Number of protein chains: 2
Amino acid sequence: MAAVSESTKNKKDELEELALKYKALADPKRLEILNKICLKSSACVCDLTEEMDLPQSKLSYHLKILLNAGLLDKEARGTWSFYSINQREMDRLISNQICNVITPSC
Amino acid sequence: MAAVSESTKNKKDELEELALKYKALADPKRLEILNKICLKSSACVCDLTEEMDLPQSKLSYHLKILLNAGLLDKEARGTWSFYSINQREMDRLISNQICNVITPSC
DNA sequence: CTCCTTAATCAATTTTTTTTGATTAATAAA
DNA sequence: TTTATTAATCAAAAAAAATTGATTAAGGAG
């Protein structure tokens, strides 16, 4: 099957992909996760569990949503998973003004 | 009770308000509604019902969500309600690149 | 190997959102 | 006044998303 480039994506697919990304942003906890990760440059699940007082399974759940939407990158090191902001995707998606709220000085 | 300015809003409130706006954008139908309204400058519910092949109650439901998030303006004329894009809010929220997908040349 | 830590996943439940069809209210037209 | 049009709202049902606690798997330490 041929690769689908941006230019050959139809409007419907494009809007669906966009909606997925906004859905990932559509939760205050997930926005806070993005903010926390940004402030630490990179964070593992246990860091966030502690900082945000959320159970591990909930963190993993929300991180997966952000990861699937392409807003986070993940790097496994041993038993740890380190998550960081995909700044290119954030910049592509949201305004500078809002970027400064979610990922100040990132 | 005193008015709450942007500067006195705490981070929690700010993230919740932002999440509400992204929630409004987190649906391909609503993105399409924004796009359709933009292309016509202004549209009433019956226009959109016809163009998008959606029942009236569903349109009104989605329009209300977009309106509550501040992404649309509404003007009643007789029995009609005309909706238009709140471009200031769109610009404040999303990147130029994405603005061009949702509201091209608006 | 055994024990401990880390994090992903799972299944069941709860909560939220969306859909549907009907009703209501307001205005306009005949 | 009667009839038709427009759109908001409502209540019930369906669908989707989030929460919870437990289990699993993979590494690292002793």
Side-chain angles (χ1 to χ4, degrees), chain A residues 12 15-37 40-86, chain B residues 12 15-34 36-37 40-85:
Chain A
K12 186 168 170 290
L15 293 185
E16 267 172 20
E17 193 183 319
L18 209 45
L20 180 80
K21 289 172 191 296
Y22 286 127
K23 200 171 289 186
L25 292 170
D27 181 290
K29 280 196 212 78
R30 289 197 288 267
L31 293 177
E32 196 183 344
I33 288 171
L34 288 174
N35 184 237
K36 288 265 191 290
I37 290 177
K40 302 168 69 72
S41 292
S42 167
C44 61
V45 180
C46 57
D47 284 345
L48 295 166
T49 298
E50 207 172 285
E51 276 193 48
M52 297 186 60
D53 196 32
L54 287 179
Q56 175 264 319
S57 63
K58 200 183 285 193
L59 251 312
S60 288
Y61 169 74
H62 286 299
L63 287 167
K64 189 177 185 178
I65 287 173
L66 291 166
L67 190 69
N68 285 344
L71 303 176
L72 288 181
D73 293 321
K74 174 173 150 178
E75 192 199 345
R77 267 184 272 167
T79 41
W80 285 267
S81 292
F82 285 88
Y83 290 87
S84 56
I85 303 284
N86 182 333
Chain B
K12 186 165 171 290
L15 293 185
E16 267 172 19
E17 194 183 319
L18 209 46
L20 180 80
K21 290 173 191 296
Y22 286 127
K23 199 172 289 186
L25 292 170
D27 181 291
K29 284 197 209 76
R30 289 198 287 269
L31 293 176
E32 196 183 344
I33 289 171
L34 289 173
K36 288 265 190 291
I37 291 176
K40 305 167 69 71
S41 292
S42 166
C44 61
V45 180
C46 56
D47 285 345
L48 295 167
T49 298
E50 209 171 282
E51 277 193 49
M52 299 187 57
D53 195 35
L54 287 179
Q56 176 263 318
S57 64
K58 202 183 283 194
L59 250 312
S60 288
Y61 168 74
H62 286 300
L63 286 167
K64 189 177 184 178
I65 287 173
L66 291 166
L67 189 69
N68 284 344
L71 302 176
L72 288 180
D73 292 321
K74 174 172 150 180
E75 191 198 345
R77 267 182 274 166
T79 42
W80 285 267
S81 291
F82 286 87
Y83 289 87
S84 56
I85 303 284

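Everything numeric here is computed off the predicted structure, so don't read it as measured data. Just so it is clear: chains get the letters A, B, ... in the order the sequence lines come, proteins before strands, and each one is counted from 1. What you see below is based on every heavy atom in this structure, not just the backbone, and it leaves out hydrogens, waters and symmetry mates.
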Would you mind reading off the distance between [X] atom [atom1] and [N] atom [atom2], rounded to a whole angstrom?
X	N	atom1	atom2	value
B:K29	C:dT20	NZ	C1'	13 Å
A:R77	C:dA8	CZ	P	14 Å
A:D53	D:dT19	CG	P	13 Å
B:L59	C:dT19	CG	C1'	13 Å
B:L48	D:dT6	CG	P	13 Å
B:E75	D:dA8	CD	P	13 Å
A:K58	C:dA12	NZ	C1'	16 Å
A:L66	C:dA8	CG	C1'	16 Å

ask   = Rounded to the nearest 0.5 Å, how far does OG of B:S81 lie from CG of B:L67?
value = 9.5 Å
remark   = Here the gap from B:S60 atom OG to B:L54 atom CG, rounded to the nearest 0.5 Å, amounts to 11.0 Å
request  = Tell me which of A:P55 and A:G78 sits closer to the 5' end of DNA chain D, going by the nucleotide each one is nearest to.
outcome  = A:P55
Closest contact, heavy atoms only, B:L71 versus B:L34 = O-CD2, 4.5 Å
query = Take atom NZ in A:K64; do more than 12 heavy atoms of anything else shown fall under 6.0 Å from it?
reply = no
request  = Indicate, with a heavy-atom threshold strictly under 4.0 Å, whether A:R30 touches base, sugar-phosphate, or nothing.
outcome  = sugar-phosphate
query = Across the strands shown, which category fits B:I65 at heavy-atom distances under 4.0 angstrom: base, sugar-phosphate, nothing?
reply = sugar-phosphate
Quick one: which protein N/O atoms are closer than 3.5 Å to N/O atoms of nucleotides 2-7 of chain C? Pair and distance per line, please.
| unit_1 | atom_1 | unit_2 | atom_2 | d |
| --- | --- | --- | --- | --- |
| C:dA7 | OP1 | A:V45 | N | 3.4 |
| C:dA7 | OP1 | A:S81 | N | 3.1 |
| C:dA7 | OP2 | A:C46 | N | 2.7 |

message = Starting the side chain at C-beta, find the nucleotide from C:dT18, C:dG21, D:dG21 nearest to B:S57.
response = C:dG21
request  = Show your working on side chain to side chain contact (heavy atoms under 4.5 Å, CB included) between A:L66 and A:I37 and close with a plain yes or no.
outcome  = CA-CA 12 Å; A:L66 291 166; A:I37 290 177; 5.9 Å; no
inquiry  = Any non-hydrogen side-chain atom of B:K23 less than 4.5 Å from a side-chain atom of A:K23?
reply    = no
query = Would one find a side-chain N or O of B:H62 under 4.0 angstrom from OP1 or OP2 of C:dT19?
reply = yes
inquiry  = Is the phosphate of C:dA8 approached by A:K64 (side-chain N or O, under 4.0 Å from OP1 or OP2)?
reply    = no
inquiry  = Between A:E32 and B:K12 (salt bridge meaning N to carboxylate O under 4.0 Å), is one present in this structure?
reply    = no
